[in-house]
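Here is the structure we will look at.
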Amino acid sequence: METVVSSGNTTEALLAGTVACHSSAELSAKLKRGTPLRVKFGVDPSSPDLHLGHAVPLRYLRRWQDAGHLAVLLLGDATAMVGDPTGKNATRPQLTREQVEAHAATYLEQAFHVLDPERTEVVRNSDWFDQMNFMDAIKLGATTTVARMLERDTFETRYKAGVPISLHEFLYPLMQARDSVEVRADVEIGGSDQTFNLLAGRDQMRDAGMEPQICITLPLLVGLDGEQKMSKSLGNAIGLTDEPREMFGRAMSLPDALMPSWFQLTTSLSEARVAELLAGSPREAKGALAAEIVATYHGEAAAREASEEFDRIFRDKGLPDDIPSTRLQAELVEDGSVWIVKALTSVGLAASSGEARRLIRSGGVRADDEKVSDEQARLSAGGSYLLRVGKRRFHRVEVPA
RNA sequence: GGGGGAAUGCCCGAGUGGUUAAUGGGGACGGGCUGUAAACCCGUUGGCUUUGCCUACGUAGGUUCGAAUCCUACUUCCCCCA
């Protein structure tokens with residue numbers, strides 16, 4: 001059997017920066033055997049894109065790969081249809097099989113920006129859950145108790161607040177635990193909020209007569225709001241497929257206080273380099289952070305470009321490279337001109353004409369760099385105008401003659 | 001199976017017959033300051049052909065000059081008892 005020979009293959013190296021490990025003694029014992037371990041990480045394809053928060057465990061998984069181990073990337077296409085109740089205060093909407101399939105495909109592509117495909121085994125949990133019948137599900141349910149489930153903070157809070165908890169949500173941790181049995185995991189990693197689910201895996205493996213998996217939890221990446229765990233639904237996330245400029249810009253809006261943890265969790269910069277950056281100008285440090293992030297997913301060149309454009313727009317008050325341009329519909333032209341409110345709504349700079357009026361009233365609209373103060377302003381036919389809403393939304397419109 | 005409660009704008013949550021597009025908070029957006037950070041200040045936050053009109057307080061009806069507020073049915077959720 002293949003043996004592992006790597007400088008990073010020590011308990012200390014593999015646990016650096018983690019939150020907890022159950023248990024490190026067992027981990028040391030497993031590592032001593034010298035054979036590659038199966039390290040499981042599961043993602044539910046419940047939304048179309050992965051974000052930087054997902055990338056934290058992926059990066060950590062890469063560390064294991066580099067130390068000579070095998071990543072078992074589990075696509076929870078069956079569990080995605082239940083929805084992980086962790087941290088949720090409401091039942092998730094159930095997804096269709098088609099939605100889940102579509103998401104799964106994009107997930108893999110995104111995950112391999114970080115993972116080494118040579119040392120990754122991809123599995124889907126529908127492979128075994130589709131085979132299970134109702135009686136199997138009942139057996140699974142018999143492995144735990146309601147009291148135990150209600151111990152979980154997320155359920156307890158909801159229950160006490162009178163927020164409904166659907167029965168199937170109790171099944172989620174059991175399914176995730178079952179996955180560990182199916183993939184014969186040696187180690188499972190996850191965010192620190194996953195502790196309950198990970199430990200459930202140990203129980204199920206023990207019940208199945210297997211050596212229980214080691215559970216390692218990682219720090220959660222706090223989102224751009226500076227308060228909550230990064231999550232797409234909270235709007236505080238940076239997607240791995242976001243455009244370089246978008247990614248850079250969003251990263252720059254990160255609260256200063258989060259910089260140390262972001263450097264640690266999202267970049268590979270050395271501790272010394274990070275310390276040096278943090279000691280300097282916060283603006284420069286954040287620029288370096290943003291550039292590192294963009295470079296990881298889009299390459300050095302894109303990072304440089306995004307950084308330059310950012311400076312041009314926000315420091316030098318210039319214009320972005322790509323300004324969307326629209327030729328307005330001829331129907332909007334009346335008496336040789338177009339009402340600016342119509343122009344704003346038709347290109348999406350305002351959601352409604354009421355909003356467009358409000359934006360004008362509050363001084364947030366510019367046409368060719370001139371502040372528009374009259375709600376009744378009109379754009380002449382045959383002209384081309386650069387409309388700007390707020391500081392960062394631009395759109396060029398051409399008014400047909 | 002029986003009994004009791006609840007449903008309000010993006011979210012939470014006041015409002016129990018009459019200046020009500022509906023107190024307050026959060027979020028979001030715009031402006032100021034700035035480093036597109038934080039903090040702070042100001043403004044906005046249903047739609048439209050905007051001095052006005054229309055649509056809104058779970059759904060459908062009803063009472064009334066007038067309803068988010070009262071009545072009936074329905075839907076959904078919560079709690080208690082069994």
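Naming convention: chains lettered A, B, ... in sequence-line order (proteins, then strands); numbering from 1 in each chain. Predicted model, so just to flag it, every value in this text is computed and none were measured.
In this model, the phosphate group of B/G46 is not approached by any side-chain N or O of A/S352 to a distance below 4.0 Å at OP1 or OP2. Contact annotation: A/S362 side-chain N/O to B/G43 OP1/OP2 distance is not under 4.0 Å. Side-chain nitrogen and oxygen atoms of A/R357 include at least one within less than 4.0 Å of the OP1 or OP2 phosphate oxygen of B/U50. A close approach under 4.0 Å does not occur between any side-chain nitrogen or oxygen of A/S281 and OP1 or OP2 of B/G35.
Using C1' as the reference atom, B/G4 and B/A82 are 15 Å apart when rounded to the nearest Å. Of the P atoms belonging to B/U69 and B/U8, the separation is 13 Å, rounded to the nearest Å. A distance of about 12 Å separates the P atoms of B/U44 and B/U23, rounded to the whole Å. Separating the C1' atom of B/C71 from that of B/U19 is a span of 27 Å, rounded to the nearest Å. Atom name C1', nucleotides B/C65 and B/C10: the rounded distance is 36 Å, in whole Å. Between the C1' atoms of B/G58 and B/G9, the separation comes to 14 Å (whole Å). The separation of B/C54 from B/A39, taken at their P atoms, amounts to 43 Å, rounded to a whole angstrom. Annotation: B/C79 and B/A28 have their P atoms spaced 32 Å apart (nearest Å).
Atom CZ of A/R393 is separated from atom C1' of B/G31 by 14 Å (rounded to the nearest Å). Between A/F248 atom CZ and B/G35 atom C1' the separation is 12 Å, expressed in whole Å. Nucleotide B/U50 holds its C1' atom 13 Å from the CD1 atom of A/I360, rounded to whole Å. Whole-Å rounding puts the A/E355 CD to B/G31 P distance at 12 Å. We find that CZ of A/R361 is positioned 14 Å from P of B/G43, with the value rounded to whole Å. One interatomic measurement links the two molecules: CG of A/L224 to C1' of B/A38, which rounds to 14 Å at whole-angstrom precision. At whole-Å resolution of the value, NZ in A/K342 and C1' in B/C48 are 8 Å apart. The separation between A/L332 atom CG and B/U49 atom P is 11 Å, rounded to whole Å.
Under 3.5 Å, the side chain of A/D256 and the base of B/G35 form at least one donor-acceptor pair of N or O atoms.
A donor-acceptor pair under 3.5 Å links the side-chain atoms of A/N236 to the main chain of A/S231, judged by distance alone. In terms of modelled atom types and a separation under 3.5 Å, the side chain of A/D130 and the main chain of A/D127 share no donor-acceptor contact. A/R250 places no side-chain N or O within 3.5 Å of a backbone atom of A/G239 that could act as its donor or acceptor partner.
Rounded to the nearest 0.5 Å, atoms CG (A/L387) and CZ (A/F394) are 11.0 Å apart.
Between A/Y60 and A/F41, the distance separating the two ring centers is not shorter than 6.0 angstrom.
Taking the six-membered ring for Trp and thresholds of 30 and 60 degrees, A/Y107 and A/H54 have ring planes inclined between 30 and 60 degrees apart.
Across all strands, A/G354 comes closer than 4.0 Å to base atoms (heavy-atom distances). Among the protein residues, A/G363 comes within range of the sugar-phosphate backbone only, with heavy atoms under 4.0 Å from sugar or phosphate atoms but none that close to a base. Nucleic acid contact class of A/P255 (heavy atoms, under 4.0 Å, all strands): sugar-phosphate only.
Along RNA chain B, the nucleotide nearest A/G364 and the nucleotide nearest A/M252 are compared for position; the residue whose nucleotide lies closer to the 5' end is A/G364. Each of A/A257 and A/K371 lies near RNA chain B, and the nucleotide nearest A/K371 is the one positioned closer to the 5' end.
For the pair A/E398/A/Y385, no side-chain contact is recorded, criterion being any heavy-atom separation below 4.5 Å from C-beta on. The shortest side-chain heavy-atom distance between A/K286 and A/M259 falls under the 4.5 Å cut-off.
Closest to the side chain of A/W339, from the set B/U49, B/U34, B/A37, is B/U49. Distances from the side chain of A/K286 to the nucleotides B/U45, B/G35, B/U49 place B/G35 closest. The side chain of A/R358 approaches B/U45 more closely than any other nucleotide in the set B/U45, B/U34, B/C48. Taking every side-chain heavy atom of A/L359 into account, B/G30 is the closest of B/G30, B/U49, B/G31. Candidate nucleotides B/G35, B/C48, B/G30 were compared by shortest atom distance to the side chain of A/R283, and B/G35 ranks first.
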Its dot-bracket string being built from Watson-Crick and G-U pairs below 3.5 Å, with | for another strand and [ ] for crossing, RNA chain B has the pattern ((((((((.[[[..)..(.....]]]((((((.......))))))(((...)))...[[[[[..)....]]]]]))))))).
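By the 6.0 Å contact criterion, CD on A/E334 is open, its count of non-hydrogen atoms from other residues, nucleotides or ligands being 12 or less.
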Give the intermediate values and the outcome of salt bridge (charged side-chain N to carboxylate O under 4.0 Å, His left out) for residues A/E188 and A/R38. CA-CA 8 Å; A/E188 178 167 13; A/R38 297 173 62 77; over 6 Å; no
